[in-house]
There are 2 protein chains.
Amino acid sequence: MNSNNVTIYDVAREAGVSMATVSRVVNGNPNVKPTTRKKVQDAIDRLGYRPNAVARGLASKKTTTVGVIVPDISNIFFADLARGIEDVATMYKYNIILGNSDSNRDKEIHLLNTLLGKQVDGIIFMGGRLHEDLVNEFKKSPVPIVLAATLNQGYDLPAVNIDYEQAAYDATEMLIGHGHKQVGFITGPLEQQINGEKKFSGYRRALEDAGLPFRENDVILGNYTYASGLEAMQKMLERDDCPKAIFAGTDEMALGVIHAIQDAGYSVPNDFEVVGHDNTRLATMIRPKLTTVVQPMYDIGAVAMRLLTKILNAEEIEEKNVVLPHRIERRDSLRND
Amino acid sequence: MNSNNVTIYDVAREAGVSMATVSRVVNGNPNVKPTTRKKVQDAIDRLGYRPNAVARGLASKKTTTVGVIVPDISNIFFADLARGIEDVATMYKYNIILGNSDSNRDKEIHLLNTLLGKQVDGIIFMGGRLHEDLVNEFKKSPVPIVLAATLNQGYDLPAVNIDYEQAAYDATEMLIGHGHKQVGFITGPLEQQINGEKKFSGYRRALEDAGLPFRENDVILGNYTYASGLEAMQKMLERDDCPKAIFAGTDEMALGVIHAIQDAGYSVPNDFEVVGHDNTRLATMIRPKLTTVVQPMYDIGAVAMRLLTKILNAEEIEEKNVVLPHRIERRDSLRND
DNA sequence: TTTCCAATTGGAAACGTTTTATATAGCGTG
DNA sequence: CACGCTATATAAAACGTTTCCAATTGGAAA
């Protein structure tokens, strides 16, 4: 009945061989005579035997399970990443245990320890910033850890990212190229490495290279959400010297920005031009469609997982720090040249 | 160093007690003298002992892990559900193994078997339709399975849903109440139980109750995506007798519908009125903001997981088939009464 | 003291595999 | 026909816990 509780012993008895032989058949070990293999396979089918992965994990010290830590799976952004991870994991016969950290340091550490307790074979981590405590735990980890869309900060961990600094530079430069002498930058908290050190500095470098002044209040910080983008832009619009070109740190914020502009009676791209970041599905779900920096989240996840499998299989690794290419997808929130 | 490979034996030796006692301390068993407990706890801290969950799972036949099968985690809809599940799981000390099925029957069955092989304590399943093969596997499952946002179809499985039929009725009725003699219905494939049997029949019943005729070509089927909603509405707009009120099966399709209308030079809600379904975050990320049926995905996930914990703890269960309340969130895609 | 019971602790089996070392069978060869 | 191989198969020892049952301890009651 319950295909359960039938063990390798039962199969061995049924097939008239020893459990070791059954184990070999199950694991595809070639040292089994074809006729024996068939006998065992038949017994397995007859009994509906399903190997117990927990026992297997204990004996072999491999669980074919990897841990995935993301800030919040309900965010389209991380969900995309997770899908990339899962697809490649499936391809390599791994399963994933998923945990949400809310970018909270204690939760991150707790989650990490839980996953290690569950004996995962490896971990993919994504978070806004690497706290020192966390990195110390990482260093003690008996299994490999790969960062996805998370900056390395000098700790020598395998990681998969795009060049955020250059991407922000490119976006800002594109806006400047459209004749703007002033570019607004609306993004998430600067404590987050990617914003604070990369996007922000790319933005400044572009201004500098164009000989434009950096103005403190052209930068507004939110929390990545639509609402915070909307609000930031509303605040921006109250000023007399409001920039007419906006680079938003995420697509979701960019949607908020565009709606704030439209709600105020202005037009995008005629009165204001906007560039977003990430190229989530949201980018085409707005009018005008959003011009945005393409950060291939699915690919980052997929590549990170592939990198992890390479480490697990002790394959040759050409580069532990992978930087995926980015580009800007031009859509209607920018005027034609 | 590596807090790993230190076992319960090491702790026992360090503390000068037996492994059984260490086990008791680790598991919070009250039958341990406080002084002994302290001694053991100190040894644990000193050695950095972390219990091996795999060995624990083998010995106790409980893994404190549940499997979650969703069609596609990168869909905002399922991601929300997953977050609800994970939050409650964490609350009850469970972890989740997440798998994507793409609503594919073979993948669903394969995933189910993998999860059972990993000895999960329970499973939460979400899918468009329950194939008979799948249900047969469910019946053989040694662990409980709970359906989330997935219709039971007469198989007596625990499930958490809203009343889709009534929700569709309410939405259609609301549109009719605004004076429309014709209501378009743009949704996903009818093979999917929720669409084909519930939403569709609620739509028809509302027409009927209002004495309006059902017209075959007022219904267009897509695949839930923004693009398919856009396309469906474009097709609808080509007709001379195009309905001026649209009920869309998902928010994402509703956004497509609204944009198709706007792209054609019409106004929402002045020329057309639109109601969506799900109340995902998308609903407020469009102008006009979308009036939509609230399907609380996070709650469905949370309640489903809670239900599963009740089953696992053999708690009293008042109702295996939970129907959560729904309502319609009025926003600007509908004219004021 | 002695006795007895409850509280605490220890020992060992069990969980279902993998894996290593060992045994056996079959077979060509000299 | 014995010998030594190779190809297969077996037996038994891990893996790191939980858990059942037995043993010990401590203290109160007699």
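The sequence lines fix the lettering, A, B, ..., with proteins before strands; numbering per chain opens at 1.
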In whole angstrom, what separates [X]'s [atom1] from [N]'s [atom2]?
X: Lys39(A); N: dT8(D); atom1: NZ; atom2: P; answer: 13 Å
X: Ile8(A); N: dA11(D); atom1: CD1; atom2: P; answer: 14 Å
X: Lys61(A); N: dA14(D); atom1: NZ; atom2: C1'; answer: 10 Å
X: Leu58(A); N: dT18(D); atom1: CG; atom2: P; answer: 12 Å
X: Ile44(B); N: dT17(D); atom1: CD1; atom2: P; answer: 10 Å

Subject >> Flag for Tyr94(A)-Glu86(A): side-chain donor and acceptor within less than 3.5 Å >> reply: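 No, no side-chain donor-acceptor contact under 3.5 Å.
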
Subject >> Criterion side chain to side chain contact (heavy atoms under 4.5 Å, CB included) against Ile123(B), the qualifying member of Leu116(B), Ile97(B), Val146(B), Leu111(B) >> reply: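 Between Ile123(B) and the candidates, side chain to side chain contact (heavy atoms under 4.5 Å, CB included) is satisfied uniquely by Leu116(B).
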
Subject >> Non-neighbouring partners of Asp45(A) that pass salt bridge (charged side-chain N to carboxylate O under 4.0 Å, His left out), sequence neighbours left out >> reply: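 Here no residue qualifies.
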
Original post:
What parts of residues 18-29 of chain A reach DNA chain C, counting only heavy atoms under 4.0 Å away?
Top reply: Met19(A), Ala20(A), Ser23(A), Asn27(A)

Checking all strands, does [X] fall into the base, sugar-phosphate, or nothing category for heavy-atom contacts under 4.0 angstrom?
X: Val17(A); result: sugar-phosphate
X: Asn52(B); result: sugar-phosphate
X: Val32(A); result: sugar-phosphate

Subject >> Degree of bending in the helix from dT1(C)-dA30(D) to dG30(C)-dC1(D) once both end axes are built from five pairs, to 10° >> reply: 60°

Among pairs that include at least one residue of [range], which meet salt bridge (Lys or Arg N to Asp or Glu O under 4.0 Å), considering only residues two or more places apart or in two chains?
range: residues 12-36 of chain B; value: Asp10(B)-Arg13(B), Glu14(B)-Arg46(B)
range: residues 109-133 of chain B; value: Arg105(B)-Asp133(B)
range: residues 143-154 of chain B; value: none

Without placing hydrogens or testing angles, list every side-chain donor-acceptor pair under 3.5 Å for residues 66-82 of chain B, not counting sequence neighbours.
{"residue": "Asp72(B)", "atom": "OD1", "partner": "Arg83(A)", "partner atom": "NH1", "Å": "2.9"}
{"residue": "Asp72(B)", "atom": "OD1", "partner": "Ser74(B)", "partner atom": "N", "Å": "2.9"}
{"residue": "Asp72(B)", "atom": "OD1", "partner": "Ser74(B)", "partner atom": "OG", "Å": "2.9"}
{"residue": "Asp72(B)", "atom": "OD2", "partner": "Ser74(B)", "partner atom": "OG", "Å": "3.1"}
{"residue": "Asn75(B)", "atom": "OD1", "partner": "Phe77(B)", "partner atom": "N", "Å": "2.9"}

Can you list everything that forms a side chain to side chain donor-acceptor pair (under 3.5 Å) with [X]? Sequence neighbours excluded, please.
X: Thr36(A); result: none
X: Arg306(A); result: Tyr92(A), Thr309(A), Glu315(A)
X: Glu137(A); result: none

Original post:
Just the endpoints, please: which first and last nucleotides of DNA chain C, 5' to 3', lie under 4.0 Å from a heavy atom of chain B?
Top reply: dT8(C) to dG16(C)

**OP:** Output every pair passing ring pair (Phe, Tyr, Trp, His ring centres under 6.0 Å) with a member in residues 118-142 of chain B, not counting sequence neighbours, ordered by first then second residue.
**Re:** Phe125(B)-Phe138(B)

Original post:
When you match Pro51(A) and Arg37(B) each to their closest nucleotide on DNA chain C, which lands nearer the 5' end?
Top reply: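 Its nearest nucleotide being more 5', the pick is Arg37(B).
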
